[in-house]
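Predicted, not measured: the structure shown is a model, and the values here were computed from it. Labels below follow one simple rule: chain letters A, B, ... track the order of the sequence lines, proteins then strands, and each chain is numbered from 1.
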Protein chains: 2
Amino acid sequence: MGIEERKERERQMRRQQIMDAAKKVFASKGFGGATMENIAEEAEFSPATLYLYFKNKDELFASLNLRMLQDLISRVEGVRDQKDLVPEKRIMALEKALYEVYLEDPLNVVNVLRFQSRGRLKSLSPELSGQIRECTRQYIRAIADLFQEGVRQGAFLDCHPVAFAEIVWSIFAGLVLNEDTKRGLDEGKDLLEPTLILALEIIGRGIMKN
Amino acid sequence: MGIEERKERERQMRRQQIMDAAKKVFASKGFGGATMENIAEEAEFSPATLYLYFKNKDELFASLNLRMLQDLISRVEGVRDQKDLVPEKRIMALEKALYEVYLEDPLNVVNVLRFQSRGRLKSLSPELSGQIRECTRQYIRAIADLFQEGVRQGAFLDCHPVAFAEIVWSIFAGLVLNEDTKRGLDEGKDLLEPTLILALEIIGRGIMKN
DNA sequence: ATGTTCTCTGAATACTGTTTAGTGAATAAA
DNA sequence: TTTATTCACTAAACAGTATTCAGAGAACAT
């Protein structure tokens with residue numbers, strides 16, 4: 001049946017169209033400032049139509065997170081798989097990967113990090129929240145593997161690899177949010193990159209066996 | 001005029017009463033989940049009355065942040081002033097101070113960290129946002145001083161002290177939010193303390209001149 | 001006793017996420 | 001070709017909540 005397939009394809013395109021519009025609107029107004037009406041207008045649909053493709057506003061937003069998380073995963077796994085680099089260099093390659101994810105779409109990264117609270121995640125469908133959980137597991141796992149490889153080679157001190165991965169991730173998330181907060185209080189310049197580099201240099205030295 | 005003074009005192013008490021109620025409600029429902037009606041009910045006032053004491057919901061919430069930030073400042077300055085400890089121990093004392101702030105009221109700490117976005121801070125009165133800026137400056141300054149003291153004593157590597165302070169703060173904020181997110185996705189146990197200790201041990205080693 | 005100020009509230013307003021009931025076109029069946 | 005069914009959408013209604021407004025009543029001053 002060619003008709004069914006064409007319809008499904010069209011449906012996916014419209015879904016994508018809504019996500020593109022949402023991404024634009026969320027980036028310019030933030031999660032709270034964006035209204036479903038804004039997004040509908042940008043996507044050239046009525047607000048009601050959005051609900052045929054997404055359960056609610058949270059779920060629409062979280063679907064965008066998923067795209068970002070997948071980008072993150074592929075970059076971090078890329079670093080994990082560069083087995084030729086010495087462990088020390090790979091920590092810095094990780095820094096670069098994280099920063100590139102941020103550069104891809106700074107405002108949405110901030111939004112995503114602020115969004116993922118306990119309360120919000122409860123309102124998602126089990127499928128979507130399962131996918132997010134899986135993505136989180138994956139990039140933490142990739143960082144942990146990268147670290148463990150360094151331990152195996154005798155370069156790093158032996159400590160809980162998942163805890164290490166969470167620390168690296170938290171530094172990234174914390175610095176991103178901190179820069180955003182500073183911009184809210186003050187018109188300071190964006191010092192994320194040098195600070196992130198310094199942080200991972202310190203971390204790198206801190207886990208080196210000497 | 002004793003009457004004027006009594007009235008002012010009573011006014012401050014009612015303001016406090018509202019803040020106490022708000023703290024309770026925000027902690028149990030989060031910022032988004034708490035309604036002004038909930039808070040008014042808890043404080044035994046009508047919602048309209050709340051607006052005689054606070055400009056809006058954001059400002060009421062941010063006033064609570066201020067209490068937490070002041071607690072944070074006094075603890076961190078306490079560590080900064082323990083000049084008898086060796087620099088290495090002071091990094092761990094800092095860890096303890098941060099963790100104690102968290103324990104004081106975990107849910108509100110999470111709420112505060114999620115709240116401080118550019119958009120939100122714009123809706124505050126200049127006075128309040130000025131006070132928040134000042135508090136932020138103060139605890140960052142205290143951590144930076146503490147670090148610089150270690151540099152002066154020749155124990156730490158010389159790097160930008162404010163950047164160092166922001167890294168420490170970001171680790172704390174990032175780990176707190178990360179734990180909260182995990183609880184939202186999964187019913188994992190709270191591993192904040194061991195992870196925070198590990199993070200500051202790594203940081204401590206990373207800045208040590210050897 | 002009367003006017004004034006202070007403090008509070010009930011009711012109205014405005015905005016926004018979400019649902020409902022229904023329309024018209026595309027498709028399938030007769 | 002005509003009729004029935006499904007699909008994709010939307011206008012309008014609904015519901016919840018932050019915020020404002022107009023006025024009541026008590027405390028205070030004259």
> Between A/Lys57 and A/Tyr51, is NZ or CZ placed under 6.0 angstrom from the six-membered ring centre and within 45° of the ring axis?
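No; the conditions do not both hold, so A/Lys57 does not lie above the ring face of A/Tyr51.
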> For B/Glu10 and C/dC6, what is the distance between atoms CD and C1' respectively, to the nearest whole Å?
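Distance, rounded to whole Å: 11 Å.
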> Side chains of B/Glu59 and B/Ser125: is there a donor and an acceptor less than 3.5 Å apart?
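There is such a pair between these side chains.
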> Once you round it to whole Å, what is the distance between P of D/dT17 and CG of B/Asn56?
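It is 17 Å, rounded to the nearest whole Å.
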> Nearest-Å distance, NZ (B/Lys57) to P (D/dT19)?
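Rounding to the nearest Å, NZ of B/Lys57 and P of D/dT19 are 8 Å apart.
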> Find the distance between CZ (B/Arg90) and NZ (B/Lys96) and round it off to the nearest 0.5 Å.
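Between B/Arg90 CZ and B/Lys96 NZ, I get 15.0 Å after rounding to 0.5 Å.
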> Under 4.0 Å, heavy atoms only, any strand: does B/Arg11 hit a base, just the sugar-phosphate, or nothing?
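Nothing, no heavy atom under 4.0 Å.
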> Taking the six-membered ring for Trp, are A/Phe61 and A/Phe115 parallel (under 30°), tilted (30 to 60°) or perpendicular (over 60°)?
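Geometry flag for A/Phe115 against A/Phe61: tilted rings.
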> What is the minimum heavy-atom distance between A/Arg183 and A/Asp190, and which atoms define it?
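Looking at all heavy atoms of both residues, the closest pair is NH1-OD2, 3.5 Å.
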> Counting only side-chain heavy atoms from C-beta out, which of D/dT19, D/dA27, D/dC9 sits nearest to A/Arg14?
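So the nucleotide nearest the side chain must be D/dC9.
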> Please say whether more than 12 non-hydrogen atoms of neighbouring residues, nucleotides or ligands are located less than 6.0 Å from CD in B/Glu37.
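It does not: B/Glu37 CD has 12 such atoms or fewer within range.
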> Distance to the ring centre below 6.0 angstrom and angle to the axis at most 45 degrees; does that hold for A/Arg80 and A/Tyr139?
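A/Arg80 over A/Tyr139 ring: no.
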> Knowing that exactly one of A/Lys24, A/Lys23, A/Lys29 qualifies, which makes a salt bridge (charged side-chain N to carboxylate O under 4.0 Å, His left out) with A/Glu42?
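Result for salt bridge (charged side-chain N to carboxylate O under 4.0 Å, His left out) with A/Glu42: A/Lys24.
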> Just how far, in rounded Å, is P of C/dA26 from NZ of A/Lys7?
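Nearest whole value for this atom pair: 10 Å.
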> Near DNA chain C, which residues from residues 24-55 of chain B have a heavy atom under 4.0 Å away?
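Within residues 24-55 of chain B, the residues near DNA chain C are B/Phe45, B/Ser46, B/Ala48, B/Thr49, B/Leu52, B/Tyr53.
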> Taking 4.0 Å as the cut-off, does a side-chain nitrogen or oxygen of A/Arg6 come that near to OP1 or OP2 on C/dT27?
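True: A/Arg6 side-chain N/O within range (under 4.0 Å) of C/dT27 OP1/OP2.
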> Enumerate, in order of first residue number, the stems that involve DNA chain D, defined as 3 or more consecutive Watson-Crick or G-U wobble pairs with both distances under 3.5 Å.
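When the pairs of DNA chain D are grouped into runs of at least three, the stems are C:1-30 with D:1-30.
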